[in-house]
J.: 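The structure under discussion is supplied below as structure tokens; questions concerning it will follow.
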Amino acid sequence: MAQQHHVLTAGDGQNLVTEDVTVVEGDVATISCRVKNSDDSVIQLLNPNRQTIYFRDFRPLKDSRFQLVNFSNSELRVSLTNVSISDEGRYFCQLYTDPPQEIYTTITVLVPPRNLVIDIQKEIAVEGEEIELNCTAMASRPATTIRWFKGNKELTGKSEVEQWSDMYTVTSQLVLKVGREDDGVPVICLVDHPAVKDLQTQRYLEVMYKPQVRVSQNYPVQGLTREGEPLELTCAAFGKPQPTDMRWLRVDDEMPQHVVVSGSNLLISNLNKTDNGTYRCEASNAVGKSHADYMLFVYDTTATTEPAVHGFTQLPNSAEELDYGDLSDSRAGEEGAIRSVDHAVVGGVVAVVVFAMLCLLIILGRYFARHKGTYFTHEAKGADDAADADTAIINAEGGQNNSEEKKEYFI
């Protein structure tokens with residue numbers, strides 16, 4: 001109960017003291033008129049209509065809700081039970097001195113909200129939808145302040161205030177986009193009002209969402225999927241409502257005849273190279289359909305080394321589903337890694353062969369160029385030594401005759 005002091009000091013040194021009173025409707029208000037430096041002067045209390053409630057210790061007013069709590073030369077204290085809004089106003093303390101003294105106290109009546117209700121636009125929402133919630137606090141005084149919470153997180157709503165006579169009705173609107181993570185989360189409407197503490201109401205969200213699919217590898221637990229060995233996969237799907245339709249298929253190809261599908265399980269008892277491919281588990285409910293993929297690569301029986309890319313990969317069906325993490329076990333990238341290694345080896349071999357051929361062509365070119373110059377030198381040797389043209393012809397012929405003696409052999 002908040003109180004405020006109003007002090008009046010008289011000219012003769014006496015004074016009256018009282019406090020303002022704030023009370024919740026239906027509770028008890030206490031009015032106190034106190035005198036400092038009392039000289040036995042008469043104290044009386046008057047209501048807002050200036051009717052005498054108490055004159056000293058006598059109550060002329062017939063309202064039995066007023067009761068005397070204490071009377072002395074220095075204080076008149078009166079209680080008012082079952083306070084209502086009609087009791088609100090100024091009450092006067094009077095002291096019969098010369099001149100008379102008077103001071104007033106104000107009673108303020110608080111009225112808590114009569115009712116607190118949340119109305120929800122849709123009892124059941126689908127993920128991604130926007131829903132509207134309205135919280136109404138009726139017939140309060142003063143107007144209430146409404147706060148919204150989703151779980152422990154405070155949200156911002158939009159409030160409107162309507163006044164009826166001395167009462168106020170407040171309605172706050174909250175627009176909320178829901179996701180699968182909101183299913184089962186409470187939305188709380190909380191009231192801030194001086195007449196009441198911890199007044200709140202709540203509604204639990206019910207959100208429908210498409211399945212979330214996960215593929216897990218039961219066997220082999222770890223290591224490579226080798227030719228001749230078995231493979232067992234399990235598909236798990238969770239949604240609201242719970243998925244009723246679940247099936248396995250092979251992407252871009254027919255399912256091998258030796259593959260055994262039993263409910264959510266897929267079994268290949270004897271792996272071979274023709275089993276390579278992507279295996280998909282699809283699940284659906286009333287909201288929609290989702291899937292998870294498993295990429296299989298079968299290794300040789302002698303393979304012992306894990307590939308550079310190996311393990312599990314998340315494969316959402318679309319960008320929208322990326323937030324919800326549709327999970328899929330995958331051998332994605334293993335085949336690509338092996339092909340990358342093969343391409344690197346072939347490229348290296350080709351480079352070595354080209355380099356060797358270039359070196360051979362350079363050596364042969366230099367060899368033939370050197371021996372072609374030597375041949376022309378020996379053939380024209382006689383003509384080089386002659387003094388004139390006739391002598392040159394004779395020497396050339398002589399040179400030819402002596403060719404049997406000077407023979408050159410070319411290999």
Side-chain angles (χ1 to χ4, degrees), residues 1-114 137-145 161 163-170 191-197 199:
M1 180 163 50
Q3 294 184 344
Q4 181 179 358
H5 291 275
H6 291 269
V7 180
L8 176 70
T9 304
D12 59 357
Q14 296 187 16
N15 56 67
L16 285 169
V17 178
T18 188
E19 297 88 27
D20 287 340
V21 179
T22 300
V23 61
V24 178
E25 184 182 36
D27 286 354
V28 178
T30 302
I31 304 171
S32 176
C33 300
R34 298 187 300 278
V35 180
K36 292 185 177 181
N37 303 320
S38 173
D39 61 355
D40 298 331
S41 298
V42 175
I43 306 173
Q44 71 172 352
L45 177 65
L46 288 74
N47 66 13
N49 296 324
R50 304 195 72 89
Q51 296 172 328
T52 302
I53 301 173
Y54 267 90
F55 182 83
R56 297 177 64 89
D57 57 353
F58 174 69
R59 177 169 55 84
L61 196 66
K62 295 182 179 180
D63 191 343
S64 61
R65 295 180 304 144
F66 289 97
Q67 295 293 324
L68 184 64
V69 177
N70 182 49
F71 171 73
S72 66
N73 291 334
S74 60
E75 182 184 29
L76 174 62
R77 188 187 308 168
V78 177
S79 66
L80 171 61
T81 60
N82 194 22
V83 175
S84 66
I85 292 180
S86 61
D87 297 320
E88 193 172 74
R90 289 182 175 181
Y91 290 76
F92 301 90
C93 297
Q94 288 185 344
L95 184 63
Y96 281 92
T97 58
D98 186 18
Q101 300 180 37
E102 181 179 281
I103 195 172
Y104 67 86
T105 177
T106 301
I107 292 182
T108 302
V109 180
L110 304 178
V111 181
R114 304 279 189 216
M138 301 177 64
S140 66
R141 181 175 180 175
T144 62
T145 299
V161 180
Q163 183 175 359
W164 300 88
S165 183
D166 294 331
M167 298 295 184
Y168 298 88
T169 295
V170 180
V191 165
D192 278 343
H193 193 273
V196 66
K197 291 182 179 180
L199 178 60

J.: Of all the heavy-atom pairs spanning Y96 and Q44, show the shortest one and how long it is.
T.: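 That would be OH-NE2, 2.8 Å.
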J.: About how many Å separate CD1 of I31 and CZ of F66, when rounded to the nearest 0.5 Å?
T.: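 Here the interatomic distance stands at 6.0 Å.
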J.: Any side-chain heavy-atom pair from H193 and L199 closer than 4.5 angstrom?
T.: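 No; the side chains remain at least 4.5 Å from each other.
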J.: Of all heavy-atom pairs between T97 and S41, which one has the smallest distance, and what is that distance?
T.: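 The answer is CG2-OG, 3.4 Å.
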J.: Out of curiosity, I103 CD1 to T18 OG1, how far, rounded to the nearest 0.5 Å?
T.: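 Answer rounded to 0.5 Å: 6.5 Å.
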J.: Look up atom CD in Q94 and atom CZ in F55, then write down how far apart they are to the nearest 0.5 Å.
T.: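 The distance works out to 10.0 Å.
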J.: Any heavy-atom pair between the side chains of L76 and C93 that's under 4.5 Å?
T.: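 Side chain of C93 against side chain of L76, heavy atoms only: no contact under 4.5 Å found.
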J.: To the nearest 0.5 Å, what is the distance between OG on S38 and CG on N73?
T.: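 So the gap between those two atoms works out to 5.0 Å.
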J.: Heavy-atom count around M138 CE within 6.0 Å, excluding the residue itself: above 12?
T.: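 Not buried by this count: 12 neighbours or fewer within 6.0 Å.
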J.: Taking C-beta and beyond as the side chain, do L46 and Y91 meet within less than 4.5 Å on heavy atoms?
T.: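 Side chain of L46 against side chain of Y91, heavy atoms only: no contact under 4.5 Å found.
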J.: Is the side chain of N49 donor-acceptor paired with the backbone N or O of Q51 at a distance under 3.5 Å, no angle test?
T.: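 Answer holds: no.
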J.: S74 and I43: which non-hydrogen atoms are nearest, and at how many Å?
T.: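 Distance-wise, the nearest heavy atoms are C-CD1, 4.3 Å.
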J.: Return the minimal non-hydrogen interatomic distance between V111 and A139, and the atom names on each side.
T.: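 Where V111 meets A139 most closely, the heavy atoms are CG1-O, 3.7 Å.
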J.: Begin from the C-alpha positions of V78 and V69 and carry the test side chain to side chain contact (heavy atoms under 4.5 Å, CB included) through to its verdict.
T.: CA-CA 5 Å; V78 177; V69 177; 5.8 Å; no
J.: Apply side-chain hydrogen bond (donor to acceptor under 3.5 Å, both in side chains) to S32 and E19, showing your working.
T.: CA-CA 7 Å; S32 176; E19 297 88 27; 4.9 Å; no
J.: Quick one: are I107 and D87 in side-chain contact, heavy atoms under 4.5 Å?
T.: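 No, every pair of side-chain atoms sits at 4.5 Å or beyond.
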J.: Between OH of Y54 and CG of L61, what distance do you get to the nearest 0.5 Å?
T.: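 Taking OH in Y54 and CG in L61, the distance rounds to 9.5 Å.
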J.: Is there side-chain contact between V23 and T108, with heavy atoms separated by less than 4.5 Å?
T.: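 Of all side-chain heavy-atom pairs linking T108 with V23, none is under 4.5 Å.
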J.: Indicate yes or no: at least one non-hydrogen side-chain atom of V17 is less than 4.5 angstrom from one of N15.
T.: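 Heavy-atom side-chain distance check passes, below 4.5 Å.
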J.: Which heavy-atom pair separates R65 from V83 by the least distance, and what is that distance?
T.: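 Heavy atoms only, the tightest pair is NH1-CA, 4.3 Å.
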J.: Quick test of your reading of the model: are R114 and E25 salt-bridged, counting only N-O distances below 4.0 Å?
T.: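 Result for this pair is yes, salt bridge flagged.
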J.: Does a side-chain heavy-atom distance below 4.5 Å link V161 with V170?
T.: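 When only atoms from C-beta onward are counted, V170 and V161 do touch, with a gap below 4.5 Å.
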J.: To the nearest 0.5 Å, how far apart are CD1 in I53 and CZ in F92?
T.: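 The CZ atom of F92 is 10.5 Å from CD1 of I53, to the nearest 0.5 Å.
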J.: With the side chain counted from C-beta on, respond yes when V191 and P113 share a heavy-atom pair under 4.5 Å apart, and no when they do not.
T.: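 When only atoms from C-beta onward are counted, P113 and V191 do touch, with a gap below 4.5 Å.
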J.: Would the distance check show the side chain of R59 and the main-chain N or O of L68 forming a donor-acceptor pair, the cut-off being under 3.5 Å?
T.: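 No, because the side chain of R59 does not come within donor-acceptor range (under 3.5 Å) of the backbone of L68.
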